[in-house]
Amino acid sequence: MKLNAEKIRNDFPILSQSVNDEPLIYLDSAATAQKPLAVLDAVQSYYETSNANVHRGVHTLADRATSQYEAVREKTRAFIHAADSAEVLFTRGATTSLNWVAKSWGEANVKAGDEIVITIMEHHANLIPWQQLAKKTGAALNYIHLTADGQLDMEEAARLITNKTKIVAVTHCSNVLGTINPIKELAQLAHQAGAVIVVDGAQAVPHMPIDVQELDADFYAFSGHKMLAPTGTGVLYGKRALLEQMEPVEFGGEMIDFVYEQDSTWTELPWKFETGTPNIAGTIGLGVAIDYLNEQDRTAIHEHGQLLLQRLWPQLQQIEGLTIYGPQDIAQRTGVISFNLDGLHPHDVATALDMEGIAVRAGHHCAQPLMRELDVPATVRASFYLYNTPEEVDRFVASLQAVKEFFANGFI
Amino acid sequence: MALSKLEQLYRQVIVDHSSHPHHYGDMTDPTQAVELHNPSCGDLIEVQVKLMEDHIQDIRFSGSGCTISRASASMMTDLMKGKTIAEARQLINAFSLMMQGSTPQQEEIFGDAMMLQTVSKFPTRIKCATLAWKALEKALEPA
């Protein structure tokens with residue numbers, strides 16, 4: 001099946017506007033994706049027809065809200081092919097999901113002398129929680145580095161993951177380089193060593209079919225807002241046996257069984273982790289986003305990204321002084337591309353592109369250790385999604401050329 | 001073409017300061033030094049000053065940054081050398097107000113830095129322009 005991006009664009013009202021008097025080209029979906037009308041309508045309609053607190057009331061609206069909310073859990077289970085919907089915990093986003101694992105499983109199972117293995121391409125969200133855990137427990141934090149082609153050095157991974165390793169935490173796809181990492185292979189290494197593998201799927205779930213059982217991931221975290229859903233929604237998948245052993249990270253209403261003056265007991269999975277009133281409307285929006293992505297077919301979405309990169313790549317290579325970071329083999333990437341133009345600061349490039357109506361990200365992309373590894377202070381990042389078109393790719397390249405010329409000789 | 005708007009931001013004076021910054025590089029004997037970071041882009045600027053009684057005898061800066069942050073730092077060092085601490089604080093304050101969009105009463109007090117007024121029309125770049133000034137403000141805080 002081939003995506004029809006032109007038709008898809010009609011579902012995203014935000015895209016049909018001008019920015020700085022030019023038609024908007026949104027190339028920042030790796031930061032957050034735009035939302036289709038169906039998702040926006042679902043949020044609005046929930047508040048108009050079903051708003052009530054979940055899991056608490058006996059009245060009709062409460063029941064309606066609860067069943068809509070819980071239906072999304074089952075939908076999410078199927079979406080990532082988990083064995084059991086009790087393994088799907090709703091969070092505020094991938095960052096919260098990863099912090100929960102570090103705080104709950106990590107603090108209970110990691111001690112001084114143990115080792116945590118992560119990679120140099122991690123987003124700070126999958127780096128700082130492990131750094132904090134290492135500091136707190138006295139465990140060592142070791143990094144898998146990159147090959148010359150911007151992929152994980154799997155020989156180093158095999159050396160670093162030993163029987164001292166308790167946790168391997170790795171991103172499924174790099175938010176800077178676009179690299180798709182071999183999660184199955186890393187899971188095997190982790191499990192042979194007796195460690196658990198925690199996967200940051202924030203950049204993968206929006207773009208490709210995910211099967212957490214096939215990957216054999218122990219924990220898998222992702223955000224709703226990067227996959228067309230509202231902000232403040234996210235998921236932590238965990239294998240049931242692990243989640244059962246874990247203590248909740250936050251305490252309060254909803255997650256309890258019995259509360260006495262001096263002691264309390266927790267309710268069963270998945271609710272023992274979900275304290276307080278959750279983001280009900282956002283989660284219902286997440287359910288509709290899942291429907292939307294299923295309808296488009298995630299294999300087709302990935303292939304669409306590949307087509308756009310194939311069109312972009314040779315054109316970028318013709319721009320003198322442009323350096324692309326990460327894998328040269330497009331098949332190893334999602335629709336993310338980071339680059340720099342010789343002698344130009346990424347911020348200046350991004351401001352100039354903004355004047356052309358093009359939204360890109362410039363900066364360290366919450367990956368400062370990776371920037372040091374690449375020996376650059378920052379990069380420009382363009383990220384593509386299902387609503388971007390080949391024409392936008394061409395306009396982006398033409399604008400980059402114009403920006404380069406402007407800074408070379410266009411000053412007044 | 002929309003890039004024509006860029007010319008308001010990247011004036012020749014600004015680009016000259018950025019490509020050939022004044023007072024760039026380390027000082028041998030600073031009395032104060034403050035390093036500031038722009039967390040959104042990773043830019044880093046260090047401002048070094050040599051204070052003599054109540055005035056700035058010497059000032060230099062170093063670090064990596066975009067066109068706007070380097071140009072602004074360079075213009076600031078031109079402006080601040082020889083000023084009293086009280087004058088410097090007033091200028092920092094007035095510059096901050098200008099970045100928020102207000103028109104200064106006496107434009108001439110800013111020298112080349114007056115060219116940076118257009119930055120206030122590019123809200124995402126104001127932090128770039130104010131980084132060095134904030135570093136100097138810290139450096140002038142009483143010990």
Side-chain angles (χ1 to χ4, degrees), chain A residues 18-25 28 31 124 176 338 340-341 343-381 395 398-412, chain B residues 1-21 24 35-46 61-75 99 112 114-132:
Chain A
S18 290
V19 165
N20 294 316
D21 303 323
E22 299 283 340
L24 167 66
I25 298 183
D28 198 18
H124 296 162
V176 178
S338 278
N340 270 323
L341 279 165
L344 285 181
H345 191 282
H347 255 187
D348 295 321
V349 176
T351 293
L353 287 172
D354 184 46
M355 291 301 113
E356 296 269 280
I358 301 174
V360 295
R361 175 93 181 261
H364 54 62
H365 317 293
C366 299
Q368 290 183 12
L370 176 60
M371 293 294 117
R372 265 173 234 123
E373 180 81 357
L374 298 173
D375 198 22
V376 292
T379 70
V380 185
R381 179 187 72 186
R395 256 192 61 206
S399 293
L400 265 181
Q401 288 279 18
V403 167
K404 200 188 149 205
E405 273 162 37
F406 175 87
F407 282 106
N409 48 32
F411 294 119
I412 36 174
Chain B
M1 135 160 314
L3 282 185
S4 56
K5 283 185 224 147
L6 271 188
E7 292 171 354
Q8 296 169 24
L9 183 60
Y10 296 98
R11 311 289 285 266
Q12 188 64 51
V13 183
I14 292 177
V15 176
D16 285 348
H17 269 280
S18 176
S19 343
H20 309 286
Y24 185 82
E35 194 177 79
L36 266 195
H37 190 225
N38 182 348
S40 69
C41 62
D43 284 358
L44 189 84
I45 284 211
E46 184 179 18
F61 83 99
S62 58
S64 73
C66 62
T67 303
I68 305 301
S69 72
R70 281 165 69 92
S72 182
S74 169
M75 291 164 167
M99 287 299 104
D112 281 356
M114 194 57 216
M115 300 301 283
L116 291 167
Q117 191 182 17
T118 52
V119 176
S120 68
K121 295 190 193 111
F122 293 78
T124 59
R125 304 303 297 278
I126 293 172
K127 273 188 195 160
C128 311
T130 53
L131 190 62

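What's counted below: heavy atoms across the whole structure, side chains too, no hydrogens, waters or symmetry copies. By convention in this document, chain letters (A, B, ...) are assigned in the order of the sequence lines, proteins followed by strands, and residues within each chain are numbered from 1.
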To the nearest 0.5 Å, what is the distance between [atom1] ([X]) and [atom2] ([Y])?
X	Y	atom1	atom2	result
Asp354(A)	Phe122(B)	CG	CZ	8.5 Å
Asp348(A)	Arg125(B)	CG	CZ	4.5 Å
Gln368(A)	His37(B)	CD	NE2	5.0 Å

If you count every heavy atom of other residues, nucleotides or ligands that lies below 6.0 Å from Asn20(A) atom CG, does the total exceed 12?
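Enclosed: over 12 neighbouring heavy atoms sit under 6.0 Å from CG of Asn20(A).
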Side chains of Asp43(B) and His347(A): is there a donor and an acceptor less than 3.5 Å apart?
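Note: Asp43(B) and His347(A) side chains miss the donor-acceptor criterion.
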Mind running side chain to side chain contact (heavy atoms under 4.5 Å, CB included) on Leu3(B) and Glu405(A) for me, showing each step along the way?
CA-CA 10 Å; Leu3(B) 282 185; Glu405(A) 273 162 37; over 6 Å; no
Under 4.5 Å from any heavy atom of chain A - which part of Ile68(B):
both
Check whether Ala352(A) gets within reach of chain B through its side chain, its backbone, both or neither, counting any heavy atom under 4.5 Å.
both
